[in-house]
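One structure below.
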Amino acid sequence: MTMAADTGAGTIEAQPHAASDFANSVLAGLSAPAKSIPCRFLYDAAGSALFEKITELPEYYPTRTEMRILAERADDIARGAAPGNVLIEFGSGSSLKTELLLAQMHELYAYVPIDISPAALRDARARIAKRFPRLKVLPLCGDFSRPLELPAEIAGRPRLGFFPGSTIGNLSEPAAVKLLANMAGILGSGGRLIIGVDLKKDVRRLIRAYDDADGVTAAFNLNLLKRANRELDADFDVDQFDHLATYDDRHGRIDLYLVSQADQTVNVMGQAIDFQAGERIHTEHSHKYDIEGFHALGRRAGWRPVETWTDAEALFSVHVLEAA
Ligand code: AVJ
């Protein structure tokens with residue numbers, strides 16, 4: 001997240017409390033009996049670059065599988081976007097996927113990327129304006145997990161949401177229901193949502209996707225400690241922590257951890273934090289669904305499943321839902 005102020009449209013504004021948010025979250029998370037750090041902090045500039053590398057790993061099937069589904073089904077998926085509709089993207093870090101859809105949605109009124117990062121929004125605006133010069137782009141800086149006011153310019157227009165990447169998997173089930181319900185509120189009755197959801201599968205295959213042979217995911221996870229060293233005046237010895245990915249069958253999710261290799265004490269902003277050998281910091285959830293399970297989740301949040309596509313191996317799914 002960047003603190004830079006934007007000089008362009010008034011809708012791109014930096015979030016004022018980014019730095020202290022990280023500090024408070026790390027201190028609170030590492031003071032609890034079961035240590036954890038919220039996964040949103042994995043995605044600083046270095047973490048985002050490492051995540052880009054993850055998406056290209058042979059073991060990490062979700063990104064390329066979702067891209068293939070979107071590319072092969074773009075016609076069908078775009079059919080839900082009538083002329084005059086507005087495409088609203090929740091998070092704007094997924095340009096290639098958006099472009100696949102936009103290329104098939106010929107008479108959209110506007111594209112509204114929503115993100116908490118002003119830099120991500122500026123990038124998205126520049127990229128999309130270049131490839132689709134006639135499309136109106138209305139970036140909105142904000143947090144789509146809360147009620148959010150859309151630009152007045154799109155009032156009364158049918159809305160189509162886009163939430164790719166199985167980002168929904170980062171959330172616990174109650175939090176996922178809450179987020180989906182909030183999106184239904186933002187998109188309004190009759191609004192549609194195109195959402196990418198990773199599917200349950202062979203556990204070894206899942207684990208490999210989160211513990212790759214080249215150690216890119218390990219570097220991504222460990223970057224959280226480096227970030228704390230850079231930004232919070234912490235003194236983590238990164239070599240004294242291991243990356244761990246496990247599958248929790250009961251919750252249907254991958255969990256990422258950083259495991260202390262030794263008894264050690266780390267200082268974070270002047271506060272001493274003790275670790276025992278083998279003690280874990282939880283850093284990320286990645287929930288996996290089956291199609292029925294995801295439809296049930298959507299229904300609990302006020303969505304009616306309209307259509308679902310998967311790849312031939314049933315690794316990943318893309319859904320269109322309609323708000324009741
Ligand atoms: C961006 C949350 C979809 O859960 O697969 C990938 C994040 N973390 N490898 C996922 C992630 C480690 C990713 N999401």
Side-chain angles (χ1 to χ4, degrees), residues 1 36-70 89-98 114-117 120 144-145 162-173 175-176 179-180 183 194-227 241-248 251-259 280-289 293-294 297 311 315-319:
M1 199 178 312
S36 68
I37 300 175
C39 67
R40 65 179 183 279
F41 298 112
L42 288 163
Y43 300 88
D44 66 343
S48 298
L50 285 163
F51 180 67
E52 281 300 310
K53 279 180 77 180
I54 288 175
T55 64
E56 287 158 17
L57 292 169
E59 296 97 328
Y60 193 75
Y61 61 84
T63 308
R64 78 176 60 88
T65 309
E66 183 179 41
M67 284 289 282
R68 195 174 310 133
I69 297 171
L70 290 173
E89 182 166 8
F90 297 107
S92 57
S94 40
S95 56
L96 288 170
K97 295 172 190 172
T98 315
I114 306 178
D115 206 290
I116 47 164
S117 158
F144 52 77
S145 67
F162 185 39
F163 192 40
S166 204
T167 308
I168 191 74
N170 270 160
L171 303 180
S172 69
E173 215 166 287
L179 179 66
L180 289 172
M183 288 176 172
I194 302 163
I195 180 168
V197 180
D198 197 14
L199 296 175
K200 291 189 171 163
K201 58 185 59 67
D202 174 69
V203 170
R204 280 163 307 174
R205 177 132 195 204
L206 276 175
I207 299 269
R208 260 188 277 128
Y210 293 87
D211 192 9
D212 61 280
D214 282 349
V216 181
T217 309
F220 168 74
N221 198 5
L222 287 160
N223 174 60
L224 199 51
L225 303 183
K226 294 189 184 173
R227 180 178 180 184
F241 287 85
D242 280 328
H243 166 70
L244 174 68
T246 63
Y247 186 69
D248 173 342
H251 294 100
R253 72 186 183 211
I254 289 282
D255 288 290
L256 297 191
Y257 299 94
L258 294 163
V259 186
R280 299 174 180 187
I281 307 171
H282 185 274
T283 55
E284 195 170 37
H285 294 305
S286 188
H287 289 76
K288 309 303 168 188
Y289 291 92
F294 182 72
L297 187 85
D311 55 294
L315 297 175
F316 199 92
S317 60
V318 174
H319 306 254

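In this chain, residues are counted from 1 in sequence order. Both counts, for ligands and for their atoms, begin at 1 and track the order of listing.
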> With a cut-off of 6.0 Å (strictly less than), are more than 12 heavy atoms of other residues, nucleotides or ligands near NZ of Lys53?
Replying inline: no
> For ligand 1, what are the residues with a heavy-atom contact below 4.0 Å?
Replying inline: Tyr43, Phe51, Ile54, Tyr60, Gly165, Ser166, Asn170, Tyr210, Thr217, Phe220, Leu256, Glu284, Ser286
> Could you state the interatomic distance from CG (Asp311) to OG (Ser317), rounded to the nearest 0.5 Å?
Replying inline: 9.0 Å
> So which heavy atom on Leu57 is nearest to which on Arg64, and how close?
Replying inline: O-NH2, 2.6 Å
>> Does Lys226 have more than 12 heavy atoms from other residues, nucleotides or ligands lying within 6.0 Å of its NZ?
In response: no
> Hey, what's the ring geometry for Phe294 with His319, parallel, tilted or perpendicular (30° and 60° as the breaks)?
Replying inline: tilted
> Which one of Phe41, Tyr210, Tyr43 satisfies the ring-ring contact (aromatic ring centres under 6.0 Å, His included) criterion with Phe220?
Replying inline: Tyr43
